[in-house]
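A quick write-up on the structure given underneath.
Chain letters run A, B, ... following the sequence lines, proteins first, then strands; residues in each count from 1.
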Number of protein chains: 2
Amino acid sequence: MSPESRLSWKDVRDQIHDAILSGRYGPGDRLPRDVDIADELNCARSTVQRAMQALSDSGIVERRRKGGTRVRPDPVTRATLDIPITRREVEQKGGRYGYQLIRRVEAVAPRGVLAACELTEPRTMLRVEALHLSDGRPYIFEDRWICLETVPEIGDVDLTGQNANEWLVQNKPYSRCDLRFYAVSADDSVADLLDAEPGAALFVIERTTWIDAAPITTVKAIATPGYQLLTRS
Amino acid sequence: MSPESRLSWKDVRDQIHDAILSGRYGPGDRLPRDVDIADELNCARSTVQRAMQALSDSGIVERRRKGGTRVRPDPVTRATLDIPITRREVEQKGGRYGYQLIRRVEAVAPRGVLAACELTEPRTMLRVEALHLSDGRPYIFEDRWICLETVPEIGDVDLTGQNANEWLVQNKPYSRCDLRFYAVSADDSVADLLDAEPGAALFVIERTTWIDAAPITTVKAIATPGYQLLTRS
DNA sequence: TGACAAATTAAGTGCGCACATATTAGCATT
DNA sequence: AATGCTAATATGTGCGCACTTAATTTGTCA
């Protein structure tokens, strides 16, 4: 009957969010049941449910069956990152993409690689070192280990022209992906490859992917100085 | 009538995901309309909608009204990061948290700070430099600029005992947050503060927050060597 | 007192419907 | 051909209902 149109779940989300921000509900406090909020705001419970899901996804509240909804006691900043394939990243910045295979050998994986893959038994893997170029200049150096048991086909692929990253993305989808970011000093060989000063601070992205429980690949991508990773706008 | 129970939206999501992974729908391809998928799988359209929303959120497909649903042409790795407040982070690793104010001055913000805040006109801000400690040892050095126009109350806060980060989190909620990650070499003063070798590679998190369009604070958090940022498990 | 079972509770999900909204495509007018 | 109106269309959203599931509380019995 009210002339104002119905509430959208985003309205509900914002109202609840505001109530939390204003301090009406502090960290750890329990919010009213969905059904009561729906009643108070005069909307359907499904609308409140949707709003609460959104708040739960952003890490603002925690929801548990029977336990109800609580304001997350330890506030976190939750951010979403998009990491495109390197070719795309270079081209989006207006650069001309290039790729150069440096080394391709089968070798016994060192402990660190096994650990990243969550493997306990040592095994032989395919190691691929390559350089991504932007306008002919070094952009990212990647040191990749590919699990031959999970991806036997990789043995037949010519990686001199074809980028291992892209081949894997297109031919070996993953179901899980772990990422790790840190900084490292350029040693002489990396400095040489990336055309950087030895000792320069470099940004590193380590990514490991699995299909179900089977590791596909783990890669250490070392960027040239000045590289920055931004949150999704 | 089939004895199997009804399909969950997660089942639908996984089926569509599998269809994409198997190559049945390639990058850029258009998927059937929700209603047709619902019909084929013998479930409600709302169930398909929910599944599609999830796939859209994970960056696997793109949906547009009237345009339909398409497999995202440029595959990305989408990851979610949780960045806790530093006290929490230290305590979760089993350390004893400490905090030390180094400097607190009002000063005209340099261009880089203004740019981070998306401000064009120069202005005076409050600069707070502080050290987060774990078990008495340096952990993160933060160099923060606080916008006095947005947060005038900060002038009355004693920041020698109270952590600016936590005060802001608890007293000045933000509606937008930008993050930026990169690597930097320790200059002499930072190396001294963090008890690191000069020139060591350090991981940096830059965070800027706004309430609506008004900037609250921008902070450069420089971590000690060895620091790693992981995706949410 | 403690262990286990049963009842209770609040969120999670599925369905079907109606309508809203954005975007494309088609058509007509200039 | 360029323009602008109109219709068609696929997703987005809201509602109400019934039922499921997980977790907590209560009750019972040893």
* To do: Would you check if the side chain of B/Asn163 reaches a backbone N or O of B/Asn165 as a donor-acceptor pair within less than 3.5 Å?
  => yes
* Structure fact -> Rounded to whole Å, CZ of B/Arg63 lies from P of D/dT9 at a distance of 18 Å
* Asked: So, B/Thr80 side chain and A/Thr80 main chain: donor-acceptor pair closer than 3.5 Å or not?
  -> no
* Once you round it to whole Å, what is the distance between C1' of D/dG12 and CD of B/Glu62? -> 17 Å
* Provide, to the nearest angstrom, the distance between the CG atom belonging to A/Leu7 and the P atom belonging to D/dC15. => 8 Å
* **Closest to the B/Asp34 side chain, choosing from C/dT24, D/dT11, D/dT24** => D/dT11
* Under 4.0 Å between any heavy atoms, over every strand shown, what does A/Gly68 touch: base, sugar-phosphate, or nothing? Just pick one. => sugar-phosphate
* Asked: Between D/dA10, D/dT13, D/dT11, which nucleotide has the shortest distance from any of its atoms to the side chain of A/Trp9?
  -> D/dT13
* Main-chain N/O of B/Thr208 paired with B/Asp178 side-chain donor or acceptor, under 3.5 Å -> no
* **Short side-chain N/O contact to C/dA10 OP1/OP2 from A/Thr69, under 4.0 Å** => no
* Structure fact -> Separation of C/dT9 atom P from A/Asp36 atom CG, nearest Å, is 13 Å
* **Any B/Lys10 side-chain nitrogen or oxygen under 4.0 Å from OP1 or OP2 of C/dT13** => yes
* To do: Measure the acute angle between the ring planes of B/His132 and B/Tyr97, then classify it against the limits of 30° and 60° as parallel, tilted or perpendicular.
  => tilted
* Would you say a side-chain N or O of B/Arg64 is under 4.0 Å from OP1 or OP2 of C/dT24? -> yes
* To do: Could you tell me the separation between the CZ atom of B/Arg30 and the P atom of D/dA10, rounded to a whole number of Å?
  => 6 Å
* Quick one: is D/dC15 close enough that its OP1 or OP2 comes under 4.0 Å of any side-chain N or O from A/Thr47? -> yes
* Could you tell me whether a side-chain N or O of B/Asp36 sits under 3.5 Å from a main-chain N or O of B/Pro32, the two making a donor and an acceptor? => no
* Please work out if B/Arg70 contacts a base, only the sugar-phosphate, or nothing of the nucleic acid, heavy-atom cut-off 4.0 Å. => nothing
* Atom CG of B/Leu31 to atom P of D/dA10: distance rounded to whole Å? -> 13 Å
* With a 4.0 Å cut-off on heavy atoms, is B/Gln49 in touch with a base, just the backbone sugar-phosphate, or nothing at all? -> base
* Asked: Backbone N or O of B/Gly26 within a donor-acceptor pair of the B/Asp29 side chain at under 3.5 Å?
  -> yes
Listed pairs, N/O of protein and of nucleotides 16-21 of chain C, under 3.5 Å:
residue	atom	partner	partner atom	Å
C/dT21	O2	B/Arg65	NE	3.2

* **Distance below 4.0 Å between B/Lys66 side-chain N/O and D/dG12 OP1 or OP2** => no
* **Under 4.0 angstrom between A/Arg50 side-chain N/O and D/dT13 OP1 or OP2** => yes
* Is a donor on one side and an acceptor on the other found under 3.5 Å between the side chain of A/Thr69 and the backbone of A/Arg63? -> no
